[in-house]
Amino acid sequence: MMDVRRLLDGVLGSGVAAGLEKEARRRLGGSVPASGGGGGSGSGFGGGMLGGAAAGGLITMVLGSKKGRKMGGKALKYGGAALLAGLAWKAWSDWKGGKAAQGTPLADVVQAPPARSGFAPDEETDGRGEDFRLALVRAMIAAAKCDGHIDADEHARITAAITDQSLTAEEKGFLLDAFTTDADPMAIARLARTQEQGAELYAASRLAIDPDVPAEHQYLSRLSAALGLPPALVEHLDAKIESARAEAGAD
């Protein structure tokens, strides 16, 4: 059986979710519960998917040095399916409430969405019947490699790094499959069973990159269209993510 939380920590960078949650609890007087599951320094990832050489996690490796450093100081600080769900839920609720698209403080984002809201990735399955958190991992990896910048040498290096980790055969197989599969927004969209899950998949993809080239903008546009997300909802999601990115980068 795969340790999904460990995979999330490895993709994003081990421990980043816990650090943000700790800060949120400090700001809110301890009212935010800690995330459960494995991960952390004892997860088998050595402080990130590739250990100290790439503590930002697999996404940093996939993005490359320049964009990887950018991600390490911004989106990778979010970490964890719970935080992705919080961002998507805040955007969704503001959109449904007819509010203007705007950012939300990170301390508010980490509070769990209401029960039966449709934003509980650790309790849901995707369009394949698998743990929905695995769909979020696939979405992040696909987005991170969507501009096709990885050459054969880089591909071999990342593949070898995954293979060398202290993971189960099933966990390695999942990551290798996610990494070697083409970045196809249509395939990612098929992982969503509901529009709420679609919002989370878009949020995960948008967090994995800070789109600054046409290929990334095109990928996100195709993804949102394939997910059937209304433009107004996408605007809310983008606003939440950019606000969170800016706040995390300023820490």
Side-chain angles (χ1 to χ4, degrees), residues 1-18 20-21 33-40 42-45 48-49 57-59 62 75-76 78-89 92 109-110 112-145 162-163 165-208 223 226-227 229 237:
M1 178 179 293
M2 287 190 285
D3 185 335
V4 179
R5 176 59 185 269
R6 178 169 64 174
L7 287 175
L8 284 166
D9 280 349
V11 169
L12 291 169
S14 181
V16 290
L20 184 56
E21 288 170 353
S35 295
S43 68
F45 288 99
M49 176 64 76
L58 177 62
I59 291 296
V62 174
L76 292 181
Y78 302 145
L83 301 180
L84 290 171
L87 280 170
W89 158 248
W92 178 276
V109 169
V110 297
R116 295 183 294 279
S117 65
F119 293 89
D122 57 339
E123 301 174 2
E124 299 174 355
T125 57
D126 65 14
R128 294 179 171 183
E130 298 179 344
D131 190 313
F132 183 63
R133 293 172 295 176
L134 296 178
L136 295 175
V137 172
R138 288 187 180 277
M140 287 186 282
I141 293 176
K145 59 197 287 283
I162 294 173
T163 303
Q165 296 307 303
S166 301
L167 305 174
T168 67
E170 186 178 11
E171 290 166 350
K172 290 181 182 180
F174 170 80
L175 287 174
L176 288 170
D177 180 66
F179 173 63
T180 57
T181 300
D182 291 339
D184 181 0
M186 301 296 292
I188 296 300
R190 287 194 290 272
L191 297 176
R193 291 190 300 105
T194 65
Q195 194 172 49
E196 290 88 343
Q197 287 190 346
E200 289 177 275
L201 288 171
Y202 178 86
S205 303
R206 184 66 171 77
L207 279 169
L223 177 63
L227 289 167
L229 300 181
L237 288 164

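Side-chain atoms are counted along with the backbone in the values below, which use heavy atoms only and exclude waters and symmetry mates. Predicted model, so just to flag it, every value in this text is computed and none were measured.
Using a 4.5 Å heavy-atom threshold, the side chains of Trp92 and Gln195 count as touching. Side chains of Pro121 and Leu84 form no contact here, defined as non-hydrogen atoms less than 4.5 Å apart. Under the 4.5 Å side-chain criterion, counting only non-hydrogen atoms from C-beta, Glu196 is not in contact with Glu124. Looking at heavy atoms from C-beta onward, Arg138 lies in side-chain contact with Asp177 at the 4.5 angstrom threshold. Two residues are said to be in side-chain contact when any heavy atoms from C-beta on lie closer than 4.5 Å; Phe132 and Leu201 meet this criterion. Here the side chains of Leu134 and Met2 are in contact, with some heavy-atom distance below 4.5 Å.
Within the model, atoms CD1 of Ile141 and OG of Ser205 stand 11.0 Å from one another, a figure rounded to the nearest 0.5 Å. Here CG of Leu191 is found 12.0 Å from CE of Met186. Values are rounded to the nearest 0.5 Å. Rounding to the nearest 0.5 Å gives a distance of 11.0 Å between CG of Leu87 and CZ of Phe119. Distance check, rounded to the nearest 0.5 Å: CG of Leu223 to CZ of Arg206 gives 12.0 Å. The distance from the OG1 atom of Thr168 to the CG atom of Asp3 is 9.0 Å, given to the nearest 0.5 Å.
Although no hydrogens or angles enter the test, the distance criterion places a donor-acceptor pair under 3.5 Å between the side chain of Lys145 and the main chain of Thr181.
Nearest heavy atom pair, residue Pro185 against residue Ala226, reads O-CB, 4.4 Å. Closest of all the heavy-atom pairs between Ala192 and Leu227 is CB-CD2, 3.9 Å. Annotation for Arg193 and Thr125: closest pair NE-O, 2.7 Å, computed over non-hydrogen atoms. Glu200 and Ala85 make their closest contact through OE2-CB, 3.5 Å (heavy atoms, listed as atom of the first residue, atom of the second, distance). Summarising the geometry of Ala135 relative to Asp126, their closest heavy-atom pair is CB-OD2, 3.7 Å, with the distance given to 0.1 Å. Closest non-hydrogen pair, Leu237 versus Ala88, comes out as CD2-CA, 3.9 Å.
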Apply salt bridge (charged side-chain N to carboxylate O under 4.0 Å, His left out) to residues Arg133 and Asp131 and explain how you reach the verdict. CA-CA 5 Å; Arg133 293 172 295 176; Asp131 190 313; 2.8 Å; yes
